[in-house]
Enquirer: 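Sharing a structure, written as structure tokens. Questions coming.
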Number of protein chains: 2
Amino acid sequence: MILKHMLNQLSPLDVAFQALADPTRRAMVERLSRGPASVSELARPFAMSLPAVMQHLALLEGSGLVVSEKIGRVRTCRIEPRALSLAEDWINARRTAWERRLDRLGDYLEELKNNGDDNASGT
Amino acid sequence: MILKHMLNQLSPLDVAFQALADPTRRAMVERLSRGPASVSELARPFAMSLPAVMQHLALLEGSGLVVSEKIGRVRTCRIEPRALSLAEDWINARRTAWERRLDRLGDYLEELKNNGDDNASGT
DNA sequence: ATATCACTTAAGCTATTGCTTATCTATTTG
DNA sequence: CAAATAGATAAGCAATAGCTTAAGTGATAT
């Protein structure tokens, strides 16, 4: 039997926003925005087990928001700004689309007002 | 008995990112970025029941990303750009923090290179 | 060599999420 | 008024998310 969730592959945007939805993961991104960190450094501020932190990290890496490299026994993590841009740009596009729409509406109403008196007898 | 999840109140940023994490809700935001829509207009593109759409809508309104007004029997929804900015600005702040950090590092390495020959005997 | 450190993997458990159907309440419209 | 329309509320259910503990693995220090 083929399950529904096996069919629909998630887009990069899906996984990025899903990764950012969790407060712990956003705190990890915030920490990494100030510079690289090892897994245990990343884990230290949180009141949760290391495996829990690793699961968050796995999701962040899966989304491309974070990349890491293991040297010896320590894995160093850093943030990938281009994956952040992806989400940022999506929001920006929707917000500016709305604002442009408001501007056009404003212009139209302005035009109506200005043409009001010299158009009153025009028809 | 007091449950843990009854204590921790979610921040505006939490609910905003959580709202944006779902593909259906992002599609609704995308639709609304092109102009206001009624609940059934919003629901039409999706292969799910109206109550399901209403639950998504409730979450979007709870996050402040969408506002709505009911006139007669139709509720008209529109997007609230300032709530979008909240999430957008959070991402932007982290991304630019990282990029500034990289720039400073680049400047430092550049400086090391330029001072290399006239500093070789300097100490 | 062996103990410690830094992670990693696996399994399991609970709360939440994203749906569903069924039922209900207001507003139009005929 | 009766019937259709637009939305709202409630209850329930399967899948997922976010943890936990226990038990690895491989690198480094004693």
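No experiment lies behind these values; they were computed from the predicted model shown. So you know, we letter chains A, B, ... as the sequences are listed, proteins then strands, and number each from 1.
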Enquirer: In this structure, would L84(B) and L13(B) fall into the same cluster of hydrophobic residues linked by side-chain contacts under 4.5 Å?
Expert: yes

Enquirer: Over 60° means perpendicular and under 30° means parallel, so tell me whether F17(A) and F17(B) are parallel, tilted or perpendicular.
Expert: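 The rings of F17(A) and F17(B) sit tilted, inter-plane angle from 30° to 60°.
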
Enquirer: For K70(A) and dC5(C), give me the distance from atom NZ to atom C1', rounded to whole Å.
Expert: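 Nearest whole value for this atom pair: 11 Å.
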
Enquirer: Go through dT20(D), dA8(D), dG18(D) for me and flag the one nearest to the P51(A) side chain.
Expert: dT20(D)

Enquirer: Report yes or no: do Q18(B) and S63(B) form a side-chain donor-acceptor pair below 3.5 Å?
Expert: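 Checked: Q18(B)/S63(B) side chains show no N/O donor-acceptor pair below 3.5 Å.
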
Enquirer: With the side chain of Q18(B) defined as its heavy atoms from C-beta on, choose the nearest nucleotide among dT20(D), dC19(C), dT17(C).
Expert: dT17(C)

Enquirer: For residues E99(A) and P81(B), report the shortest heavy-atom separation together with the two atoms involved.
Expert: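 Looks like OE2-CB, 3.7 Å.
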
Enquirer: Go along nucleotides 25-30 of chain D 5' to 3' and tag each nucleotide: B for a protein heavy atom under 4.0 Å from its base, S when only backbone or sugar atoms are that close, - otherwise.
Expert: -BBS--

Enquirer: Is H56(A) near enough to dA17(D) that one of its side-chain N or O atoms lies under 4.0 angstrom from OP1 or OP2?
Expert: no

Enquirer: Roughly how many Å is it from CG in L50(A) to P in dC19(D), rounded to a whole number?
Expert: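 Rounding to the nearest Å, CG of L50(A) and P of dC19(D) are 13 Å apart.
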
Enquirer: Can you tell which of dA6(C), dA8(D), dC19(D) lies closest to the side chain of V74(A)?
Expert: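 The listed nucleotide nearest to V74(A)'s side chain is dA6(C).
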
Enquirer: Where the side chain of V39(A) is defined as all heavy atoms beyond and including C-beta, which of dT20(D), dT8(C), dA8(D) is the nearest nucleotide?
Expert: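 The listed nucleotide nearest to V39(A)'s side chain is dT8(C).
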
Enquirer: Give me the atom names and distance for the closest heavy-atom approach of A21(A) to A21(B).
Expert: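 Closest approach of A21(A) to A21(B): CB-CB, 3.7 Å.
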
Enquirer: Round to a whole Å and report the spacing from CG of L59(B) to P of dC19(C).
Expert: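 Roughly 11 Å, once rounded to whole Å.
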
Enquirer: How long is the line joining CG of L20(B) and P of dT17(C), in whole Å?
Expert: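 Answer to the nearest Å: 15 Å.
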
Enquirer: Atom CZ of R44(A) to atom C1' of dC5(C): distance rounded to whole Å?
Expert: 13 Å

Enquirer: In whole angstroms, how far is the P atom of dG18(D) from the CE atom of M48(A)?
Expert: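 In whole Å, dG18(D) P and M48(A) CE are 10 Å from each other.
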
Enquirer: May I ask you to check whether over 12 heavy atoms, not counting those of R75(B), lie within 6.0 Å of atom CZ?
Expert: yes

Enquirer: Kindly point out which of dC19(C), dG18(C), dT20(D) is positioned nearest to the side chain of S49(A)?
Expert: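 Among the listed nucleotides, the one closest to the side chain of S49(A) is dT20(D).
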
Enquirer: State, with a plain yes or no, whether a side-chain heavy atom of I71(A) is found less than 4.5 Å away from one of T76(A).
Expert: no

Enquirer: Looking at dC19(D), dG18(D), dT17(C), which one has an atom nearest to any side-chain atom of R25(A)?
Expert: dG18(D)

Enquirer: How close or far is atom C1' of dT20(D) from atom CE of M54(A), stated in whole angstroms?
Expert: 15 Å

Enquirer: Expressed in angstrom and rounded to an integer, what is the separation of Q55(B) atom CD from dG12(D) atom P?
Expert: 15 Å

